[in-house]
Number of protein chains: 2
Amino acid sequence: MQFSPDVLNEKCGSRAVLSHVTSRWGALVLIALMDGTLRFSALRRRVGGVSERMLTQSLRLLEDDGLIERIAHQVVPPHVDYRLTPIGTDVARNVLALARCIESNLDTITRFQNARASA
Amino acid sequence: MQFSPDVLNEKCGSRAVLSHVTSRWGALVLIALMDGTLRFSALRRRVGGVSERMLTQSLRLLEDDGLIERIAHQVVPPHVDYRLTPIGTDVARNVLALARCIESNLDTITRFQNARASA
DNA sequence: TCTCATACTTACAAAAATGTGGGTACTTAC
DNA sequence: GTAAGTACCCACATTTTTGTAAGTATGAGA
C-alpha cells in the first residue's frame, strides 16, 4: 500500500473505525476501560445512561475492530470481562485526552454559549 | 463550581460538546481547519463526501460552542471564511491526534477484521 | 419461595441524522 | 447569452441510531 490512510478521504477505511471510536457510546466505553478490566454490568454502571442494548452493540463493534477484548468465563450466572487491547489502549488514550480537553474548557464554552444566547 | 466535569456522568454538559466534536462531520471539519483558514467551498471540497446541508449544520454547532469563528465578507458573490478559535485549536489538535492514531493502526485493524471474518 | 443479579437477544417503536433537490441574488468567464 | 461559482436555506423522504420492554437460564440470598 503506497498511499497512507487519510480520514478526509471519503473512501478511506479509517472513516469506519473513526465512526466506531467516536460514536456516542463507543467513545465513553473506551474511556471507561482506561481504568482497567471491567465486566459488563460494571461498565454499564460506569457509563452513565447507556442501555444494555447499546452497550452490547458498541462493545461488539470495538471488539470487531480489535480495540477491546472480550473474555467470557464459562460460568452461570454469566461473567464476562472486557479490556483494552494494545491498539485499543493507544486509541483510548487519545479519546481520553480529547475528553479531558473538552472538560477543562467546558466552563469557557458554557459561558460563551450563554453570552451568545442572550445577545 | 466545586465538581469537575466528567464525561462519564450522564448529566454533564461536556457530553453535548463531545457529541458535536465527535460527530461524523464535526470531527472532520475540525481536522480540515487545522490547515488554517478555509472558506466554505474549500472546506466542502476538503471534507470528502459532506453535503452542503451537513457542512452548514456542523459549522453552526461548532461556532455556537466557540470552537470555530465565522468571518463573512460583505461582498457578492458571498465569501465566508472559517477558522479555529484558540479553544477550537486545542480541541482540534486532539481530534487530529486521534485520527492519526487510527490511520497509523488501520493496517493492523483491517488485517484483524479479515482474519476474524474468515474464522 | 420469591426476588434479584448476570449478560445478553429480539421485536417493535420513536427519534435523530442525513441525503436530495429546489430556490436565491449576483458576478465572472466563455 | 449562457453557464458556472458562491454560501447558504427550506421542505421532504429516507436511513440510521437509539430507546423500551420482554424473554432466557441459573444461582445466591432473604
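The model shown is predicted, which means the values in this text are computed figures rather than measured ones. Side chains are part of it too, since the values below use all heavy atoms of this structure and drop only hydrogens, waters and symmetry mates. Each chain gets a letter, A, B and so on, in the order its sequence line appears, and its residues count up from 1.
- Summarising the geometry, the separation between CD on B:Glu52 and P on C:dG23 is reported as 15 Å, rounded to the nearest angstrom.
- At the phosphate of C:dG19, OP1 or OP2 sits under 4.0 Å from a side-chain N or O atom of B:Ser51.
- Within the 3.5 Å criterion, the main-chain N or O of B:Asp90 finds a donor-acceptor partner in the side chain of B:Asn94.
- Between the C1' atom of C:dA17 and the NE2 atom of B:His20 lies a distance of 13 Å, rounded to the nearest Å.
- Of the candidates C:dT27, D:dC8, C:dG19, C:dG19 carries the atom nearest the B:Trp25 side chain, counting heavy atoms from C-beta on.
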*Could you walk me through whether A:Ile71 and A:Tyr82 pass the side chain to side chain contact (heavy atoms under 4.5 Å, CB included) test, one step at a time?*
CA-CA 6 Å; A:Ile71 304 132; A:Tyr82 291 92; over 6 Å; no

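- Looking at B:Ile109, B:Asp107, B:Ile102 one by one, the single match for side chain to side chain contact (heavy atoms under 4.5 Å, CB included) with B:Asn105 turns out to be B:Ile109.
- Sequence order on DNA chain D of the closest nucleotides to A:Pro77 and A:Val50 puts A:Val50 first from the 5' end.
- Of the charged side-chain nitrogens involved, at least one lies within less than 4.0 Å of a carboxylate oxygen, so that B:Asp35 and B:Arg46 count as a salt-bridged pair.
- Nucleotide D:dC9 holds its P atom 11 Å from the CG atom of B:Leu55, rounded to whole Å.
- If you find the closest nucleotide of DNA chain D to A:Pro78 and to A:Gly49, the one lying nearer the 5' end belongs to A:Gly49.
- In this structure, the nucleotide among D:dC9, D:dT6, D:dG19 sitting nearest to the side chain of B:Ser41 is D:dT6.
- The A:Phe40 side chain lies nearest to C:dA7 when the options are C:dA7, C:dT6, C:dC26.
- Counting only heavy atoms from C-beta on, A:Arg24 has its side chain closest to D:dT18 among D:dC8, D:dT18, C:dC8.
- One can place CE of A:Met54 at 14 Å from P of D:dT16, the figure rounded to the nearest angstrom.
- Here the P atom of nucleotide C:dT6 and the CG atom of A:Asp81 are 13 Å apart, to the nearest Å.
- Annotation: of the two residues near DNA chain C, A:Arg53 and A:Arg70, the 5′-most nearest-nucleotide partner is A:Arg70.
- Checking the phosphate oxygens (OP1, OP2) of D:dA7, no side-chain nitrogen or oxygen of B:Arg45 falls inside 4.0 Å.
- For B:Gln74 and C:dA25, the CD to P distance is 16 Å, given to the nearest whole Å.
- Judged purely by distance below 3.5 Å, without hydrogens or angles, the side chains of A:Gln113 and B:Asp64 never pair a donor atom with an acceptor atom.
- Rounded to whole angstrom, the span from the CG atom of A:Leu59 across to the P atom of D:dT18 amounts to 14 Å.
- For A:Arg39 and C:dA7, the shortest distance from a side-chain N or O to OP1 or OP2 is below 4.0 Å.
- If you check C:dC30 for Watson-Crick or wobble pairing at under 3.5 angstrom, you find it paired to D:dG1.
- For A:His79 and D:dG27, the NE2 to P distance is 17 Å, given to the nearest whole Å.
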